[in-house]
Structure formats: structure tokens, C-alpha cells
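Each ligand, and each atom within it, is numbered from 1 in the order the structure gives. We count residues from 1, following the sequence as given.
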Amino acid sequence: MRILGIESSCDETAAAVVEDGSRILSSIISSQMSTHSKYGGVVPELASREHLRAIVPVVRLALEQSATRLQDLAAIAVTQGPGLVGSLLVGMTYAKSLALVQKIPLIAVNHIEGHIHAVVSQNAVEFPALALVVSGGHTHLFELRAGLSYRLLGKTRDDAAGEAFDKVAKLLGFGYPGGPVIDRLAPFGDPRAVRFTLAKMKGNPLDFSFSGIKTAVLRWVESRDMREEIDRRRALLAAHHAPSTEAWLAVTPRPTLDLLASFQYTVIQELLHRAVKSAEEIGARSLIVSGGVACNSGLRAAAHSAHLPCPVFFPAPALSTDNAAMIAAAAFPKFARREFSGFDLRAQANLTLA
Ligand code: KG4
Ligand code: ZN
């Protein structure tokens, strides 16, 4: 039983064919990173235009690589939201037209649910599970019960964790996206060199906040004259759109490496602290970490060496950042329950999961 998944919620145009909910036969991702990196973030108008350009060849390639004909498909799954509405519309319109022509069901998938299925579909996850979804748009803690129902336990009140990585990187001249660069450079700094004091959270103790640490980094930068250093990095980025670690190190002095290491360390501590607390609270039998920030090697290492109350599961790196295999996988249980959408399905920029 093959499902074609289509994902276009942000800056990746992706299509994948997944068999029986877990066997990934193909997963094509066309990244727009080089388009957006010089602007230090995703430009929505450019994103929609790039999706329009990429959607047809990306879907064709996903079908070809999995040796699947349109008539072999049982359903088309598509990201309904959350995301950029102009971007979501491109994937959704194409998914609708394919489903209409083939006369097969259309299945709407929540992007966050997709990130969770990147793990659930590939591992023997036991329930109840605690899912920490950390990406550029989300930092959410969900309780996951058998039968796949979700209960929101906590979320960020301001920036998402990935957004904090991206903003800190942009401020320091590392371009977009910030997570991968900071991840590569953090091991060269001392994670305890800069101490960030984090505001105590009022209200839900499982909520996150990353605006304080972002502001602390801004203050640190403003209290020094870093203009030349930052300009050197911007020039490097303009000359090579993906500089090597060595090239970054050549334009990044030790105090800045210490800052990056300390920033990453603090974010990881915040994430793990609340994830462990909520896992204990619900008596979780598995901990799932998913979303782009789940690629972070510091977070993976810290999670594997921490005293966790249950086993922890991360997606393979290719399934951590946005992809369509997770969308097709998440559609499988919906197919079994016949949760199909009509052709009046609308993209929802602020779609919530629970
Ligand atoms: O899941 P994703 O591809 O898109 C969203 O749904 O947002 O996540 C992208 C986010 C970006 O903020 C990016 O900086 C972050 O994930 N990211 C990382 C790493 N790789 C990607 N953050 C920290 N360390 C990484 N290695
Ligand atoms: Zn995502």
C-alpha cells in the first residue's frame, strides 16, 4: 500500500513514496537554502515561487526513484499546516489535482504530526510517549497515547528553539539556517564560558522561552566592537555560499566560539530539562525528539548520556528536517481510519495539533 507524500510548508519542496506506513521507497527534498541564506531567513514570496518551480519535478523524481506509477498509489498525503500559507498552497493544490485525476483519497497531515511520525514510523516506540518537537517554527511537548492521540503539555511562549539558533547566527554573520553552523562550531568553544541567567517561568512550568537568551546574546555582542569580525563572516558567506568548518574557524575568534558553545549548551539544557520533567510526569515509556533541531549533535549526545526515565528516539538526520516521507508515514493510520479530506481542504498557516 503506497502513499505519496507532499510537503511544502516552509523552504523545502519535498515528495516521498512510503509503503505500508514505514518503508521509505523514495524521499526527494529540494532545498531553497541558497535562495534564502543571503537574506538571513526565509522570504515568503521567494519560497512560494521556488515551490512552484520545484513541485512537478520533485514529485516526478519521487515516483521514478520508487518505481511507482500514479495508478499504484493508494492515496496522496499533503501538509495542511502549520507553515507559510503561500508555500502550503503550492503543495496542496498539486496534491488535490493528482488525487482528483487518479480518483484516490486526499489525506491532510499536520506538519508537527509529520515530525512525530518521522520517529514513530521507524522505531518500536512504546506508549505513552513524550514527544519533544523542536524546529524553526515549533518547540512543543506532547503526550502521545496509543491510538495516536496528542495532548499538548508545554510550548514556547516566544521564539522556537531553531528560531533562536537562526537569530543568533544571523546576528553574528553566519547566515541562514543557523543551527547547522552553530552545531559544527560549538565543539571548538567552552560551553561554560558564558553564563546565561534564564528568567523563571510563571504559569505552566513545562513552557519554554528563548527570547531571554537571544537578548542576552545581543547584549554580549553590543558590549563589544564586533563589526569587523561580523563583516568578515558576511564576506565569507557572500563568496562561498556554504563555507567549510575550517573557513568559519578562520574568521571566528575564541570568545565568539565560547559564546556559541555556551548558547547551544544552555538551549540543550532547557530542552532536556523540560522534556525529562514531562516524561516523568506522564510516566512516559519512550521519549521522542524530532524536528530540525533534533539534528543537533550536542542535543543527541546530551540526551544519550543524560539519566532519562525511558529510552530516547531520534529520527535519522534526513528525517529530522523537513521531508515528505514523514507526511506519507503520518497519513498511513489516517488511511486505515478513512480520515480523508474533501477538495475544499484549506491550507492553515496556524494549524495546531492539540
Ligand atoms: O524541521 P525544520 O526543517 O523546519 C521547520 O519545521 O521549522 O527545522 C529547521 C530548523 C532551523 O531553525 C534550523 O536552524 C534548525 O532546524 N536546525 C538545527 C540543526 N539543523 C537544523 N538546529 C540546531 N542544530 C542543528 N544541527
Ligand atoms: Zn518542520
Side-chain angles (χ1 to χ4, degrees), residues 5-14 16 27 29-33 36-37 40-42 44 47 51 79-84 87-88 91 109-119 131-140 155-156 159-172 174-187 191 210 213-214 242 245 248 260-261 263-272 288-303 314-327 329-330 349-351 353:
I6 296 180
E7 152 67 38
S8 69
S9 65
C10 189
D11 58 346
E12 255 98 39
T13 320
S27 180
I29 303 169
S30 164
S31 171
Q32 307 175 1
M33 236 167 240
H36 302 289
S37 77
V42 178
H51 284 305
T79 306
Q80 183 190 8
L84 301 168
S87 293
L88 288 163
V109 175
N110 182 307
H111 182 83
I112 305 175
E113 190 174 16
H115 275 302
I116 293 173
H117 276 265
V119 178
L132 168 66
V133 183
V134 261
S135 70
H138 333 282
T139 306
H140 287 63
K155 65 177 183 344
T156 181
D159 292 344
E163 196 178 355
F165 272 94
D166 294 337
K167 286 179 176 169
V168 164
K170 182 181 181 182
L171 173 73
L172 291 163
F174 289 103
Y176 171 86
V181 190
I182 296 180
D183 189 0
R184 272 155 55 202
L185 298 182
F210 294 103
I213 184 166
K214 184 190 66 186
T245 303
W248 280 127
L260 294 179
F263 163 77
Q264 178 171 295
Y265 174 80
T266 311
V267 173
I268 291 171
Q269 293 307 309
E270 283 292 291
L271 293 173
L272 283 184
I288 294 168
V289 186
S290 193
V293 181
C295 285
N296 189 272
S297 34
L299 175 60
R300 284 176 187 245
F314 281 83
L319 287 177
S320 298
T321 47
D322 289 349
N323 66 87
M326 68 184 196
I327 302 301
N350 298 316
L351 188 65
L353 183 58

Review point. With distance as the sole test, does Ser8 use its side chain to make a donor-acceptor pair with the main-chain N or O of Ser87 at under 3.5 Å?
Key: yes
Point to revise | Sub-4.0 Å heavy-atom approach of Cys10 to ligand 1 | key: no
Check your understanding: Would you say Gly136 has any N or O atom under 3.5 Å from an N or O of ligand 1, going by distance alone?
Key -> yes
Practice item. Pick, from Gly114, Gly292, Pro317, Gly178, the option with the minimum heavy-atom distance to atom 17 (N) of ligand 1. Key: Gly292
Practice item. Working to the nearest 0.5 Å, report the span between NE2 of His117 and CD1 of Ile112. Key: 12.5 Å
Review point. Is Gly162 in polar range of ligand 1, meaning some N or O pair under 3.5 Å apart?
Key: yes
**Study point:** Thr321 neighbourhood, listing ligand 1 atoms whose heavy-atom distance to it stays under 4.0 Å
**Key:** 3 (O)
Practice item. For His115, take its heavy atoms, then give the atoms of ligand 1 lying under 4.0 Å from any of them. Key: 1 (O), 6 (O)
**Study point:** Backbone of His115 reached by a side-chain donor or acceptor of Ser290 within 3.5 Å
**Key:** yes
Check your understanding: Going by atom types alone, do His51 and Asp11 pair a side-chain donor with an acceptor below 3.5 Å?
Key -> no
Practice item. Just let me know how Asp183 lines up against ligand 1, side chain, backbone, both or neither, with a heavy-atom cut-off below 4.0 Å. Key: side chain
Revision key, fill the gap. Judged by heavy atoms only, the candidate from Leu299, Val181, Val42, Asn296 nearest atom 24 (N) of ligand 1 is Asn296
Point to revise | Residue-atom pairs from the protein, N, O or S only, that lie under 2.8 Å from the Zn ion (ligand 2) | key: His111 NE2, His115 NE2, Asp322 OD1
Review point. With only distance considered, is Phe165 within less than 3.5 Å of ligand 1 through an N or O on each side?
Key: no
Exercise for review: Ignoring angles and geometry beyond distance, decide whether Asp166 reaches within less than 3.5 Å of ligand 1 through its nitrogen or oxygen atoms.
Suggested key: yes
Revision key, fill the gap. shortest atom 22 (N) of ligand 1-to-protein heavy-atom contact is with Gly179 CA, 3.2 Å
Review point. Heavy atom of His111 under 4.0 Å from ligand 1?
Key: yes
Check your understanding: Does a donor on one side chain sit under 3.5 Å from an acceptor on the other, for Glu7 and Ser9?
Key -> yes
Point to revise | Point-to-point distance, once rounded to the nearest 0.5 Å, from CD1 of Ile116 to CG of Leu132 | key: 10.0 Å
Check your understanding: Relative to the heavy atoms of Gly137, which atoms of ligand 1 are at a distance of less than 4.0 Å?
Key -> 7 (O)
Check your understanding: What distance do Leu185 atom CG and Leu172 atom CG have between them, rounded to the nearest 0.5 Å?
Key -> 10.5 Å
Check your understanding: Relative to the ring of His138, is the ring of His111 parallel (under 30°), tilted (30 to 60°) or perpendicular (over 60°)?
Key -> tilted
Review point. Of all heavy-atom pairs between His36 and Val42, which one has the smallest distance, and what is that distance?
Key: ND1-CA, 3.6 Å
Exercise for review: Name the closest protein heavy atom to atom 4 (O) of ligand 1, giving the residue it belongs to and the distance to 0.1 Å.
Suggested key: Asp322 OD2, 3.0 Å
Review point. Do Glu12 and Asn323 meet the criterion of a side-chain donor-acceptor pair at a distance under 3.5 Å?
Key: no
Review point. Do the side chains of Gln269 and Tyr265 get nearer than 4.5 Å, heavy atoms only?
Key: yes
Exercise for review: Working to the nearest 0.5 Å, report the span between CD of Glu163 and OG of Ser135.
Suggested key: 9.5 Å
Exercise for review: Identify the heavy atoms of Asp322 and Ile29 that sit nearest to each other, and give their distance.
Suggested key: O-CD1, 3.7 Å
Check your understanding: With atoms numbered from 1 as shown, which atoms in ligand 1 lie under 4.0 angstrom from a non-hydrogen atom of Val293?
Key -> 16 (O), 18 (C), 22 (N)
